[in-house]
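Below: the structure, in C-alpha cells.
In this text the structure is predicted, and so the values were computed from the model without any measurement. FYI, side chains are in, hydrogens and waters are out, and symmetry mates aren't considered; it's all heavy atoms of this structure. Proteins come first, then strands; the chains are lettered A, B, ... in the order of their sequence lines, and each starts at number 1.
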Amino acid sequence: MTDTTLSMPVQVAPRGRRIRLSVIGDHFVLILGALFMMAPIYMTLTTASHENLTIHREGLQFLFGGELLNNFDAAMFGQGGFSGEITGMSMLKNSLILGMGFALGKIVLSMMAAYAIVYFRLRFATFAFWVIFTTLLLPLEVRIVPSYEVITGLGLANTYTGLIVPLLASATGTFFFRQYFLSIPEELVEAARIDGAGPVKFFIDILVPLSRTMIAAIFIVMFVYGWNQYLWPTLITTDEGLYTLVRGIKQIRQSLAESNQIPAYGQAMALSIIAILPPVLIVVFLQNWFIKGLVESDK
Amino acid sequence: MSMKTLLAATALTSALAVPAFAQTEIEFWHAMGGSLGDTVNQIATDFNASQDEVQITPVFKGTYEEALTSGIAAFRAGEQPNILQVFDAGAATVIGARGAVVPVETLLTDAGADFDIEDYIAGVRYFYADADGTMIGMPFNSSTPVMYYNVEALETAGVTAPVTWEEFQTVTAPALAEAGYIPMTQSHMPWIFTENFFSRHNLQFATANNGYDGTDVTINMDSPELMAHWAAFKSWVDQGYAGFYGAAWGDNATPFEQGEVAMWLGSSGSFGGLQQTADFEFSATYLPYWEGVTSEPTQTFIGGAALFAMSGHSDEENAATAAFFEYLTSPEVQFMWHQQTGYVPVTEAAYELAKSEGHYEEFPAAEIGIQQLQLPAGEWTRGYRMGFYVQIRDVMNREYTRFLQGDVELEDAFATIKTEADELLARFAQTQGG
Amino acid sequence: MKRAAFNHRLLPVALLVPQIAIIAIFFYWPAWTAIQSSFYLEDPFGFGSTFVGTDNYTRLFASSEYLKVAQFTILFTVIITVFALGAALLLAVKADKVLRGARTYRTLLMWVYAIAPPVAGFIGVMLFDQNIGPMTDLFNWLGHDYRLGLNYMDTAFAMTITSIWIQIPVNFIFFLSGLQSIPQSVKEAAMIDNASPTRRFWETTFPLLAPTAFFLLIINITYALFDTFGVIDTIVYGNPASNPMTLVYKVFVDGFRGNDIGGSSAQSVVLMLLVLGLTIFQFRMLERRIHYT
C-alpha cells in the first residue's frame with residue numbers, strides 16, 4: 001500500500017491532469033486519515049451530551065443530546081469521594097502536576113546524562129549508556145511492588161515526589177537526546193572550544209538553545225506519558241486530594257464491569273474530553289513551535 | 001450496639017460533637033466504585049458523626065485485585081490500613097497469612113463487644129471463617145447468585161420460572177425460544193455455574209474439607225455431575241436455549257436488560273441496578289438445580305467481599321476498628337446498605353428489620369437472595385478455601401469459553417482445568433512454606 | 001562517540017549521577033528483587049517462602065498458554081509497528097506535500113496522541129461492545145458475527161486497531177518534522193537526478209528520514225510491548241479468560257492480580273532477557289547503517 005500511494009513525496013511541478021488527480025488523491029488520503037483519527041473523539045463528545053441510561057441502553061451516540069452542560073458540570077465540579085475533595089478541577093490540577101513534573105524532571109535528568117555520555121571522554125561512557133539504556137526494557141507495571149516498598153520506606157507515599165520520581169527511571173529521554181546530540185555537527189563543539197567556552201557554558205549557551213525543538217518534542221512525549229499514568233498513582237496514593245483524571249475515568253469503567261449499577265457514562269465521557277484537552281493544547285502549541293524551529297534551523 | 005448505634009443511625013449528634021480528646025484515626029481500603037463507593041462514604045461519614053472518639057477514612061483502591069495487592073504491598077512496607085476489603089477469591093490468600101490479620105471474632109471480643117456468630121445469617125457465617133469456625137473476616141458486601149426473569153416474557157411464553165434445570169430444558173426454554181426470546185444467560189461461569197453448582201447440590205468442591213483443613217488440596221473438577229451440567233449448558237447454547245456472550249459480567253446482563261433474554265442468572269446484589277436499567281417488570285427466583293442430582297437442594301455460597309482487620313496496629317486503633325465493625329453490623333446500617341445496594345444484610349437482626357419495614361412487600365425480588373442463603377445447609381455448603389483462586393477462576397473462564405465456542409472437547413477442557421488448578425494449589429501450598 | 005570531547009573528570013560524573021541513582025533504585029533494585037524471587041515460591045505477605053530452583057522457569061516453558069501469549073505478543077508488536085509507522089509515514093508525506101489545508105490536517109491528525117491509553121481503551125470498548133457497539137453493528141451488517149471478549153480474533157482486532165489508533169499521531173509528528181527539515185536544496189537536487197517520484201522518495205527522502213525512522217521503530221516496539229498495557233487492561237477488564245494478551249499483561253495478571261510473586265518474577269526476567277537480546281541486536285544492526293546528517 002505504501003509503495004503505490006507514496007508516489008508523490010515531494011512537491012514537483014509536472015503539468016496537466018496528473019497533478020490535479022494526485023492532489024485530489026492526497027487530500028482524499030488525508031481526509032480519510034483525519035476521519036479515522038477524529039471520529040472516536042467526535043463520538044465521545046456527542047455521547048457526553050446524553051443521559052447515562054440512554055448510553056447504557058443504546059451505546060455511543062452520533063448526534064448531540066441535551067445533557068452536555070450537565071455532564072460537564074458534574075464532571076468538573078461534582079464533588080466525589082469521601083472527603084469531597086475529588087472534583088474535575090482537583091484531578092485536573094494533579095494530572096497537570098504529574099505531567100509537568102514528570103516531563104521537566106525527565107528532560108533535565110536525561111539531557112544531563114546524554115550530555116555526559118556524548119561530549120565527554122569517559123572511560124565508562126558506553127557502559128553508562130548501556131546501564132541507562134537497558135531500562136527501556138522493563139515498564140513500571142512489572143516492577144511496581146518493589147518500587148512501592150522503596151517509596152513507602154522513604155516516606156514519600158502520598159506526595160507528588162513519590163508519584164513522579166519512580167516514573168523517571170527509564171531511558172527514553174536519554175536515548176533521544178543521545179541520538180540528537182550525535183547528529184549535531186562536531187565542528188560546533190570545536191568552534192566553541194576555540195572561543196574558549198567550557199563545558200558548562202557550551203551546554204547552557206549553545207546546546208540547550210540548539211536542542212529546543214528536540215526538548216519540545218520530548219516534552220510532548222513525556223508530558224503525555226506522565227499525564228496518562230494510572231496504575232502507579234492508584235497504588236501510591238491514598239489521599240483523595242491526589243487523584244488524577246485518568247484514575248477518575250478508570251473508576252467509572254470499573255462500575256461498568258462489576259455491577260449492574262448504571263455507570264456514569266455521560267460523566268466519564270465528559271471527563272475523557274477534559275482529560276484529552278490539556279495534552280492536546282500542549283501538543284498543538286509545541287508542535288507549531290518545534291516545526292517552526294526545525295524549518296528555521298534549516299535556513 | 002445500643003445507644004451508640006441508635007444515635008449513629010440517626011446521625012443527629014454530628015452538629016453537637018466536639019472532640020474532647022484526640023481522636024483515633026483509622027483507614028479503610030475498599031474496592032467499591034461508583035454508587036457503591038458513595039454508599040460506603042455515606043456510612044463512614046455517618047459513623048464519624050455518630051461519635052467523637054474514632055475518625056475513619058475510607059479509601060477507594062481500584063478493583064478488588066488492586067485493593068488486595070495494594071494492601072499486601074502496604075503490609076510489606078509496614079503501612080497497612082486498619083481495614084482491608086478482600087473479595088471471595090482472595091480470601092485464602094489473606095486467611096492463609098495468619099500473621100497479617102486479626103480475626104474479627106478476636107478483635108470484637110477483645111474490645112469488649114458481644115460477638116455471636118449465630119447473629120449472622122446462615123449462609124454468611126462460615127464463608128470467611130477458619131476450620132474451627134472462628135470468624136476471620138467480617139462479611140460485608142455479600143451476595144449470592146439468583147435467577148432474574150422478565151415477567152412479561154414468561155407470560156407470553158405461557159411458562160413459570162423453572163425450579164429445576166430439567167424443567168428449564170424440557171418446558172421453559174423451548175417455550176421461551178418459541179416466543180422469540182433467548183431463554184437464558186448467566187454472568188459468571190466460575191461463581192454461578194461452578195462454585196454454586198457444588199453448594200446448591202451439596203457436592204464436595206475440593207478435598208481437605210473444601211480446602212478449610214489445610215493447603216494440601218485438590219479440586220473436584222472431574223465431578224461427573226458438574227461435567228454433565230456443562231454438557232447440558234453447551235447443548236442449550238448450541239440449540240438457542242441459552243445465550244453466551246463471553247466471560248464478562250455486563251455483556252451477558254445487557255441483553256436481559258434490553259429485553260432480548262428472558263431469564264438471567266446474576267447476583268442478588270444486581271437488584272438495585274436492574275431497577276434502573278430494566279424498563280420492564282422483572283422478578284427473581286432461586287438458582288435452579290438438577291433433580292437428577294439431588295432431591296434436596298441446599299443453600300448457596302455468598303459472593304462479594306469481607307472486611308479484614310489488619311494486624312500491626314495499636315490496641316487503641318484495633319478498638320476503633322471494632323467500634324466501626326459494630327456500627328457496620330448494626331441492623332439500621334445493614335438495612336440501609338441492603339436497601340441502597342441490593343447486597344444482602346449479613347445479620348438476622350437486620351433481615352428482621354428489613355421485613356418489619358415492609359421492604360420485601362414492596363420489592364419481593366429483593367428477598368430471594370437472603371432466602372436462598374437460608375435454605376437448608378449441607379455438609380459442603382459453608383464455603384471453600386483455595387489459594388491462587390483468582391488464577392483458578394481465570395483458567396475456568398478460559399477453558400469454559402473455549403469449550404462453549406467448540407474449540408475444545410468437554411473432557412479436555414475439564415482435564416485442563418483440573419491439572420492447572422491442582423498445580424496452582426500445590427504451588428500455593430509451597431508459598432506457605434509447606 | 002564524538003572525537004572532539006571535553007576533558008573533565010568530575011563534571012560528567014555529576015551529570016550522570018542523578019539519572020543513574022534513580023535508575024539504580026527504581027530499576028535495578030526491583031529487577032534484582034525479581035531475579036531473586038523467581039527462584040522462590042513466596043507468600044505475598046512475606047511470611048513464608050520455599051526455594052524451588054528453576055521450577056518457575058521450567059513451568060513457563062512447559063505451558064502452552066504462555067507460549068501462546070508470547071506468540072501473540074510478537075505478532076501484535078509487528079502489526080502495530082508496521083501499521084502505525086506505515087500509516088503515519090503516508091499521512092506525513094501527504095501532509096508535507098499539500099499546500100492547501102496543511103495546517104488543519106496537521107492539527108487534526110496529531111491531537112489524538114494526547115489520549116490516555118485507558119481512555120482510548122474505554123472508547124474502544126464502547127465502539128466494539130457486543131450489545132451496544134456501533135462497530136459490532138457494522139460487522140454484523142457485513143455478515144460477521146463480531147464478539148468482543150468472546151472471540152479471540154475479534155478481541156485481538158479491537159486491541160490492535162485501538163493501539164494503532166493512538167500511536168499514529170506521535171509517528172506522524174516526528175515524520176512530518178523530519179520531512180520538513182530536509183533542506184530545499186536536497187529536494188531540488190533529487191528532482192534533477194531522478195524523475196520517478198517513487199524512486200526519488202525511496203532513494204533520497206527516505207534515507208534522510210532514517211534516523212527518525214530508527215528511533216520511531218524503537219519507540220513503537222516498546223510502545224507495542226509495554227505501553228499498550230492500558231488499552232489491553234481496559235478491553236479485557238478483569239476477564240483475561242480466553243482473550244489475547246501480551247507478555248507484560250500476563251506478568252500483571254499473574255503477579256499483581258493473582259499474587260503469584262515467584263511465577264510472575266520469572267516472567268519478568270524472561271521478558272527482560274528477551275528484550276535485552278532484541279535491543280542489542282537491533283542496535284547493532286541499525287546503528288551501523290544509519291547516517292546522521
> When only pairs under 4.5 Å are counted, which of Val170(C), Asp129(C), Ile168(C) shares the most heavy-atom pairs with chain A?
Replying inline: Ile168(C)
>> If you count heavy-atom pairs within less than 4.5 Å of chain A, which of Gly255(C), Ala95(C), Ala34(C), Ala120(C) leads?
In response: Ala95(C)
Write down the atom of [X], the atom of [Y], and the distance for their closest heavy-atom approach.
| X | Y | value |
| --- | --- | --- |
| Val98(C) | Asp26(A) | CG1-CB, 3.6 Å |
| Ile23(C) | Val131(A) | CG2-O, 4.3 Å |
| Met112(A) | Ala14(C) | CE-O, 4.4 Å |

> Which residue out of Leu281(A), Val108(A), Ile31(A) racks up the most heavy-atom pairs below 4.5 Å with chain C?
Replying inline: Ile31(A)
> Which one of Pro166(A), Pro279(A), Gly33(A), Gly198(A) has the most heavy-atom pairs closer than 4.5 Å to chain C?
Replying inline: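 Highest number of pairs under 4.5 Å: Pro166(A).
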Atom pair [atom1]/[atom2] of [X] and [Y] - distance to nearest 0.5 Å:
| X | Y | atom1 | atom2 | answer |
| --- | --- | --- | --- | --- |
| Lys97(C) | Leu30(A) | NZ | CG | 9.5 Å |
| Tyr265(A) | Phe122(C) | OH | CZ | 6.5 Å |
| Leu168(A) | Phe27(C) | CG | CZ | 14.5 Å |
| Leu108(C) | Phe36(A) | CG | CZ | 14.5 Å |

> Are the side chain of Trp29(C) and the backbone of Val150(A) linked by a donor-acceptor contact shorter than 3.5 Å?
Replying inline: no
> Is a side-chain N or O of Tyr115(A) found less than 3.5 angstrom from the main chain of Pro12(C), in a donor-acceptor match?
Replying inline: no
> Do the rings of Tyr105(C) and His27(A) sit parallel, tilted or perpendicular, given the 30° and 60° boundaries?
Replying inline: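 It falls in the tilted class, 30° to 60°.
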So what's closer than 4.5 Å to chain A heavy atoms on [X]: side chain, backbone, both or neither?
| X | value |
| --- | --- |
| Pro18(C) | both |
| Phe172(C) | neither |
| Leu11(C) | side chain |
| Val17(C) | neither |
| Ile261(C) | neither |

> Could you go step by step and tell me if Ile55(A) and Met126(C) meet the side chain to side chain contact (heavy atoms under 4.5 Å, CB included) rule?
Replying inline: CA-CA 10 Å; Ile55(A) 306 168; Met126(C) 293 297 284; 3.6 Å; yes
>> Under a 3.5 Å cutoff, is there a donor and acceptor pairing between the side chains of Ser110(A) and Gln19(C)?
In response: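 No.
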>> Assess the residue pair Ile219(C) and Phe176(A) against the criterion (side chain to side chain contact (heavy atoms under 4.5 Å, CB included)); give the C-alpha distance rounded to whole Å, side-chain angles, the decisive distance to 0.1 Å, and a yes or no.
In response: CA-CA 10 Å; Ile219(C) 304 209; Phe176(A) 292 157; 3.0 Å; yes
> Among Leu16(C), Ile22(C), Ile20(C), Leu15(C), which residue meets the side-chain contact (heavy atoms from CB on, under 4.5 Å) test with Leu109(A)?
Replying inline: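 Result for side-chain contact (heavy atoms from CB on, under 4.5 Å) with Leu109(A): Ile22(C).
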